[in-house]
Amino acid sequence: MSNIQLLSLAEAQQSQDWAGLCGSADLFAHPTWLAIERTGSGPWVPAGNGCLALTEGGRIIAGMTLQQFDMTVDDVIVRADRMMHSHAAWSDLTQKELEDTLLPSLMCGGWFNSRILDLPGTPREEAQTARRALIAESIAVGRDWGSATIVYPYLDATRTELRADLRDAGFVEIPAPNRHVFHSDYPSYDEYFDHVLRKKTRNQIRRELKRFNEAGVKTAHELMDDSNVEKLAQLAHNLELKYGQKSTFEQMAGWFSVIAANTRTSVFTAELDSRLFAMSMWVHYEGRMYGFHCGFDYGVGERLHTYSVVVYRLPIAFACSDPDTQHLEYGVGGDHAKLTRGTEAIPQVLSVKPLTAKAEAVVARLQDVPDGHAGPVGTWV
């Protein structure tokens with residue numbers, strides 16, 4: 001007999017059954033990451049969280065993560081109102097009107113590769129039954145927690161059966177940004193450089209590296225630990241400030257410290273005159289490196305193409321030479337730059353269900369937007 005339980009993060013973290021549901025693209029649902037979430041560190045702390053687990057005979061056979069976000073968090077990656085604000089259906093509404101209507105919002109499946117977890121090889125009909133039961137339960141939890149909306153924000157568009165189940169449960173879809181993955185299955189970086197990149201891109205990269213060398217910039221790859229976490233957090237905080245985020249340095253430093261303690265995390269850095277001025281951070285997990293953060297000292301290297309070097313050139317060169325790394329997860333946004341580096345763009349959709357009359361009226365506006373006028377995919381990042 002099947003049963004659905006709402007597990008705490010601690011309960012899911014300690015469950016081998018839960019870990020067995022997670023594939024290599026599910027880092028942020030895996031117990032490795034749940035240990036980080038349990039600390040309440042960082043700028044994306046939800047108002048509530050948990051894990052829905054469907055059990056059969058005492059064994060977890062399917063599940064999903066739940067996170068409720070409200071106005072205490074301001075990043076577009078986790079705020080449904082800020083994601084949806086870019087859509088033409090709501091162009092005449094202010095951000096304040098949307099947040100008052102759509103928040104708090106219950107995020108299902110996480111803010112990366114949102115999905116319902118299940119055991120590999122589960123028969124199709126059983127998988128559908130499990131999905132529908134978990135979707136219905138997530139709606140019930142959303143109501144119990146006082147959510148105005150429920151969202152699956154980064155749903156792989158090829159998961160057509162899950163999308164159909166969500167539509168049957170009253171969810172509607174809008175385009176979401178593509179998820180970009182770089183597959184590093186090349187014999188060497190030179191092989192990738194010479195045969196994947198266009199001549200224009202190759203010449204651009206050569207010019208960028210020449211400027212780095214002429215300026216005396218030193219680049220490096222190292223692991224994040226207690227010796228460098230505060231310097232890296234300061235660079236990341238600088239980036240947050242540039243884009244108007246309200247996170248603090250203390251939040252970033254605490255978050256990075258917990259990440260370093262629970263994961264193997266690489267950083268690719270640039271230094272000039274013994275001053276660290278740029279970095280990108282990558283969390284290792286089951287053959288993948290997840291691009292998680294970057295940061296800069298904007299008072300250094302003003303005319304250098306720093307982003308290109310620390311975010312693309314250095315991680316890609318590393319991945320092409322590292323037998324334990326098969327994929328770089330570049331996340332969402334920046335389609336053109338990522339595609340020119342050879343990433344695969346995975347189409348995604350956002351599925352949303354209103355739970356209040358006000359939210360229902362706002363979401364219903366989608367019906368009035370002509371096909372093709374929703375705006376380009378990826379407009380919210």
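Between the side chain of Thr55 and the main chain of Asn3, a donor-acceptor pair closer than 3.5 Å is present. The backbone N or O of Tyr154 sits less than 3.5 Å from a side-chain atom of Ser114, completing a donor-acceptor pair. When atom types are taken as modelled, the side chain of Arg163 and the backbone of Ala157 share a donor-acceptor pair closer than 3.5 angstrom. A distance-only check finds no donor-acceptor pair linking the side chain of Trp90 to the backbone of Met84 [under 3.5 Å]. Checked by atom type and distance alone, the side chain of Lys338 never pairs as donor or acceptor with a backbone atom of Arg179 at under 3.5 Å. Gln326 places a side-chain N or O within 3.5 Å of a backbone atom of Pro323 that can act as its donor or acceptor partner. Judged purely by atom type and a 3.5 angstrom limit, Arg202 uses its side chain to pair as donor or acceptor with the backbone of Leu197. Between the side chain of Glu126 and the backbone N or O of Pro123, no donor-acceptor pair lies under 3.5 Å. The backbone N or O of Glu125 lies less than 3.5 Å from a partner atom in the side chain of Thr129, making a donor-acceptor pair. The main-chain N or O of Val310 is found under 3.5 Å from a side-chain atom of Ser280 such that the two form a donor-acceptor pair.
Shortest non-hydrogen contact noted between Ala278 and Thr306 is CB-CG2, 3.1 Å. The minimum heavy-atom distance linking Asn238 with Tyr298 is given by the pair O-CE1, 3.8 Å. For the residue pair Gly295 and Leu239, the shortest heavy atom distance occurs at CA-CB, 4.4 Å. In plain terms, the two heavy atoms of Gly63 and Leu134 that are nearest each other are N-CD1, 3.6 Å. When every heavy atom of Ser184 is checked against every heavy atom of Thr325, the shortest pair comes out as OG-O, 3.0 Å. Taking every heavy atom of both residues into account, Gly342 and Val196 meet most closely at CA-CG1, 4.2 Å.
A salt bridge between Arg365 and Asp92 is present, with a side-chain N of the basic residue lying under 4.0 Å from a carboxylate O of the acidic one. Taking a cutoff of 4.0 Å between a charged side-chain nitrogen and a carboxylate oxygen, Arg115 and Asp26 qualify as a salt bridge. Under the 4.0 Å criterion applied to side-chain N and carboxylate O atoms, Lys246 and Asp74 are not assigned as salt-bridge partners. Using a cutoff of 4.0 Å between basic side-chain nitrogens and carboxylate oxygens, Asp100 and Lys96 are scored as salt-bridged.
With rounding to the nearest 0.5 Å, the separation of CG in Leu7 from CG in Leu52 is 8.0 Å. For the atom pair Asp273 CG and Lys218 NZ, the distance stands at 9.0 Å (nearest 0.5 Å). Atom CG of Leu98 sits about 10.5 Å away from atom CZ of Arg82, to the nearest 0.5 Å. Residue Met252 holds its CE atom at 9.5 Å from CD of Gln245, rounded to the nearest 0.5 Å. The CE atom of Met224 sits 10.0 Å away from the OG atom of Ser266 when rounded to the nearest 0.5 Å. In this structure, the separation between CG on Leu162 and CD1 on Ile116 is 5.0 Å, given to the nearest 0.5 Å.
Taking hydrophobic clusters as Ile, Leu, Val, Met, Phe, Trp and Tyr residues chained together by side-chain heavy-atom distances below 4.5 Å, Val76 does not share a cluster with Val45. No continuous path of hydrophobic side-chain contacts links Phe296 to Phe249 [ILVMFWY only; heavy atoms under 4.5 Å]. Under a hydrophobic-cluster definition in which Ile, Leu, Val, Met, Phe, Trp and Tyr are linked whenever side-chain heavy atoms come within less than 4.5 Å, directly or via other members, Leu166 and Met64 are assigned to the same cluster. In the hydrophobic clustering of ILVMFWY residues, with side-chain heavy atoms under 4.5 Å counting as a link, Met289 and Tyr192 come out together. Under the 4.5 Å side-chain contact rule for hydrophobic residues, Trp18 and Ile4 share a cluster.
Within a 6.0 Å sphere centred on CG of Asp226, other residues, nucleotides and ligands contribute 12 heavy atoms or fewer.
Looking at Gln68 and Ser147, their side chains do bring a donor and an acceptor atom within 3.5 Å of each other. With hydrogens and angles left out, the side-chain atoms of Ser188 and Asp190 include no donor and acceptor closer than 3.5 Å. Side-chain N/O atoms of Ser15 and Asp17 include no donor and acceptor closer than 3.5 Å. Using modelled atom types, one finds a donor on one side chain and an acceptor on the other under 3.5 Å when comparing Arg341 with Ser308. For the residue pair Gln204 and Glu208, a side-chain donor N or O sits within less than 3.5 Å of a side-chain acceptor on the partner. In summary, the side chains of Glu222 and Asn228 do present a donor paired with an acceptor at a separation below 3.5 Å, with no hydrogens or angles considered.
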Item to complete: May I have the step-by-step check of side-chain contact (heavy atoms from CB on, under 4.5 Å) for Ile150 and Ser105, ending in yes or no?
Response: CA-CA 6 Å; Ile150 301 179; Ser105 184; over 6 Å; no
Discussion item. Apply side-chain contact (heavy atoms from CB on, under 4.5 Å) to residues Ile139 and Phe171 and explain how you reach the verdict.
Written reply: CA-CA 10 Å; Ile139 295 170; Phe171 286 75; 4.1 Å; yes
Fill in: Step-by-step side-chain contact (heavy atoms from CB on, under 4.5 Å) determination, Leu6 to Leu66
CA-CA 9 Å; Leu6 178 58; Leu66 301 178; 3.9 Å; yes
Practice prompt. Starting from the C-alpha separation in whole Å, work towards a yes-or-no answer on side-chain contact (heavy atoms from CB on, under 4.5 Å) for Cys51 and Leu34.
Written response: CA-CA 10 Å; Cys51 297; Leu34 297 184; 4.2 Å; yes
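Using cut-offs of 30° and 60° on the angle between ring planes, the pair His221 and Phe318 is tilted.
Considering only heavy atoms from C-beta on, Val73 stays 4.5 Å or farther from Pro46 through its side chain. Between Leu223 and Val267, every side-chain heavy-atom pair lies at or beyond the 4.5 Å cut-off. No side-chain heavy atom of Leu119 sits less than 4.5 Å from a side-chain heavy atom of Glu56. In this structure the side chain of Val352 reaches within 4.5 angstrom of the side chain of Val172, judged on heavy atoms. Looking at Glu99 and Arg79, their side chains come closer than 4.5 Å, going by heavy atoms from C-beta outward. The closest side-chain heavy-atom distance from Ile346 to Thr158 is not below 4.5 Å. Residues His237 and Phe256 form no side-chain contact, since every pair of their non-hydrogen atoms from C-beta on lies 4.5 Å or further apart. Looking at Ile77 and Val332, their side chains come closer than 4.5 Å, going by heavy atoms from C-beta outward.
Glu344 is linked by a side chain to side chain donor-acceptor pair (under 3.5 Å) to His183, counting only residues two or more places apart in sequence or in another chain. Checked against side chain to side chain donor-acceptor pair (under 3.5 Å), Thr343 has the following partners two or more places apart in sequence or in another chain: His180.
Taking the six-membered ring where the residue is Trp, the centroids of Trp44 and Phe28 are separated by 6.0 Å or more. Not less than 6.0 angstrom separates the ring centroid of Trp33 from the ring centroid of Tyr290.
Tyr189 carries Arg313 over the face of its six-membered ring, with the cationic atom under 6.0 Å from the centre and within 45° of the normal.
Remark: of the listed residues Tyr312, Phe182, Phe112, Tyr312 is the sole one forming a ring pair (Phe, Tyr, Trp, His ring centres under 6.0 Å) with Tyr330.
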